[in-house]
Amino acid sequence: MGIVSQEAILELQALMDSVEEPLNITFQNVHQGFRAETLVRFLKARDWNVAKAHKMCVMFQLVDCLHWRVQNTIDDILAKPIVPIELYGAVRDSQLIGMSGYSREGLPVFAIGVGLSTFDKASVHYYVQSHIQINEYRDRVILPSASKKHGRPITTCIKVLDMTGLKLSALSKIKLLTIISTIDDLNYPEKTNTYYIVNAPYIFSACWKVVKPLLQERTRKKIQVLPGCGRDELLKIMDIASLPHFCRKDGSGSSRNSENENCFSLDHPFHQQLYNYIKQQSLISEPAQPIKQGSFHVDLPEPAAEETEIAKSLESELQKFEKGNMLSKSTDGIKIDDD
């Protein structure tokens, strides 16, 4: 961490010691016993500026995160199942995310089907609820369990992003993805160790050239675009059993009918354990009450300037790509006479 970093941690820790209830209670749910590591995450996300990391009136800060948790009762979100199960299944079928295993260092490996996620089976609030529940389950159940197993703090994960099927229709997803990304930046910073991008089509390459310069350097360093399905590179850091199904062989994609175990499926052990955990927590919190239907509403944040600029740049690039495709199609089949 270095001397300067250690001083920043101690300074921020002293500031956090003055935090009163109920912020202190929700902070315990955030750090899960790894207080220093949590402070480091927020400091890294704010370039080691203690004033930025603690000051309540500035966006992206720890105390603001705790207020957000209290105001939106995030501590209770793991006791709010999405019901009925058919609706949850529809969410899972259109918001492709799952956990395929662990890296050799013990970090959870999360797979995300960016290209084939449609986000068209439920309201925005259900998708946001589902995303936050996976974040909370990761932070309050999976990571503490991994830390206990390995005898050291494990506070981050690896994400493998599958771009199979990425099309111009991605334009319709940008608003929701920006909301989810902003929630993560504000309240779950520095939780991902590395992003591996696989099965990237040409349209991704075009968008990446536009987006890459807009990202902060610390974010750019975390992103690795792998050739093909990424199998060979990923096998350097994880066993084949933990490899997402879309990385098993070239051209495998995010198929829901893959012969390999599909970690996006509701039938996958990860989602079964997650859903059962949430149902059990709901019975513990309200044992005499029937499980209520309806989404768990969370205040949707205003995107930061950086997120807004990235979203606009993506929209512009996708629109240019679409116009180029339309022009290409309009000239198909036209015969030019040499006479």
Side-chain angles (χ1 to χ4, degrees), residues 1 34 37 40-41 44-45 96-117 134-135 137-139 141-166 181 184 188-205 207-209 211-212 215-256 258-265 268-271 273:
M1 291 180 185
F34 299 111
E37 287 77 10
V40 166
R41 286 196 296 107
K44 278 184 178 179
L96 302 181
I97 182 171
M99 182 180 150
S100 61
Y102 294 85
S103 72
R104 293 195 182 94
E105 293 184 347
L107 275 62
V109 178
F110 283 87
I112 303 173
V114 177
L116 292 177
S117 290
I134 290 175
N135 279 357
Y137 187 71
R138 174 196 65 196
D139 295 350
V141 178
I142 292 173
L143 291 174
S145 176
S147 299
K148 184 177 179 180
K149 177 181 177 181
H150 292 273
R152 58 182 173 81
I154 294 179
T155 57
T156 60
C157 67
I158 289 170
K159 289 183 179 177
V160 184
L161 280 57
D162 179 28
M163 296 295 167
T164 297
L166 188 66
S181 176
D184 284 352
Y188 304 94
E190 297 294 320
K191 294 300 296 188
T192 303
N193 187 281
T194 310
Y195 297 89
Y196 294 100
I197 295 174
V198 302
N199 296 319
Y202 172 75
I203 190 173
F204 168 79
S205 301
C207 292
W208 180 235
K209 288 178 183 177
V211 171
K212 187 176 180 179
L215 298 174
Q216 295 183 23
E217 184 180 1
R218 60 184 171 77
T219 302
R220 286 200 302 270
K221 287 180 177 179
K222 290 182 179 183
I223 300 173
Q224 295 190 31
V225 182
L226 304 182
C229 68
R231 173 190 169 104
D232 293 342
E233 290 300 315
L234 291 173
L235 285 178
K236 294 176 182 177
I237 63 167
M238 68 184 74
D239 295 332
I240 194 166
S242 293
L243 205 64
H245 64 280
F246 51 79
C247 298
R248 299 294 176 102
K249 58 184 179 181
D250 286 322
S252 60
S254 295
S255 171
R256 293 170 176 80
S258 172
E259 62 186 37
N260 300 304
E261 194 171 51
N262 186 339
C263 62
F264 297 150
S265 170
H268 188 272
F270 167 73
H271 284 300
Q273 291 163 12

Do [X] and [Y] have side chains that approach each other closer than 4.5 Å (heavy atoms only, starting at C-beta)?
| X | Y | result |
| --- | --- | --- |
| Phe246 | Asn199 | yes |
| Val225 | Phe204 | yes |
| Arg248 | Cys229 | no |
| Arg231 | Val198 | no |

Calculate, to the nearest 0.5 Å, the distance between atoms [atom1] and [atom2] belonging to [X] and [Y] respectively.
| X | Y | atom1 | atom2 | answer |
| --- | --- | --- | --- | --- |
| Asn193 | Ile154 | CG | CD1 | 11.0 Å |
| Lys212 | Arg220 | NZ | CZ | 7.5 Å |
| Ser265 | Leu96 | OG | CG | 10.5 Å |
| Lys221 | Gln216 | NZ | CD | 12.0 Å |
| Ile223 | Ile197 | CD1 | CD1 | 5.5 Å |
| Thr219 | Tyr195 | OG1 | OH | 7.5 Å |

Name all residues meeting the salt bridge (charged side-chain N to carboxylate O under 4.0 Å, His left out) criterion together with Lys159; count only those two or more places apart in sequence or in a different chain, and write none if there are none.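 Scan of Lys159 (salt bridge (charged side-chain N to carboxylate O under 4.0 Å, His left out), adjacent residues dropped) gives none.
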Considering residues at least two apart in sequence or located in another chain, which fulfil the salt bridge (charged side-chain N to carboxylate O under 4.0 Å, His left out) criterion with Lys222?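 Lys222 satisfies salt bridge (charged side-chain N to carboxylate O under 4.0 Å, His left out) with Glu190 once adjacent residues are dropped.
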Measure across [X] and [Y] and return the closest heavy-atom pair with its distance rounded to 0.1 Å.
| X | Y | value |
| --- | --- | --- |
| Gly165 | Leu116 | CA-CD2, 3.9 Å |
| Thr155 | Lys191 | O-NZ, 2.8 Å |
| Gly113 | Phe264 | N-CZ, 3.3 Å |

For residues 100-110, tabulate all N or O donor-acceptor pairs below 3.5 Å that involve a side-chain atom, not counting sequence neighbours.
from   : atom 1 : to     : atom 2 : distance (Å)
Ser100 : OG     : Ser242 : O      : 2.7
Ser103 : OG     : Glu105 : N      : 3.3
Ser103 : OG     : Gly106 : N      : 3.4
Ser103 : OG     : Leu107 : N      : 3.1
Arg104 : NE     : Asp239 : OD1    : 3.1
Arg104 : NH1    : Leu235 : O      : 3.0
Arg104 : NH1    : Lys236 : O      : 2.9
Arg104 : NH2    : Leu235 : O      : 3.0
Arg104 : NH2    : Met238 : O      : 3.2
Arg104 : NH2    : Asp239 : OD1    : 3.2

Main-chain N/O of Val141 paired with Ser145 side-chain donor or acceptor, under 3.5 Å: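 No.
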Ile237: what forms a side chain to side chain contact (heavy atoms under 4.5 Å, CB included) with it, not counting sequence neighbours?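 So Ile237 forms a side chain to side chain contact (heavy atoms under 4.5 Å, CB included) with Ile158, Tyr196, Leu234.
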Using the side chain to side chain contact (heavy atoms under 4.5 Å, CB included) criterion, which residues pair with Ser205? Sequence neighbours excluded.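 Result, side chain to side chain contact (heavy atoms under 4.5 Å, CB included) vs Ser205: none returned.
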Lys/Arg-Asp/Glu bridge criterion (N-O < 4.0 Å) met for Arg41, Glu37: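 Looking at Glu37 together with Arg41, the answer is no, because their closest N to O distance does not fall below 4.0 Å.
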What residue pairs, at least two apart or across chains, pass salt bridge (charged side-chain N to carboxylate O under 4.0 Å, His left out) with a residue in residues 144-156?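 Those involving residues 144-156 do not exist here.
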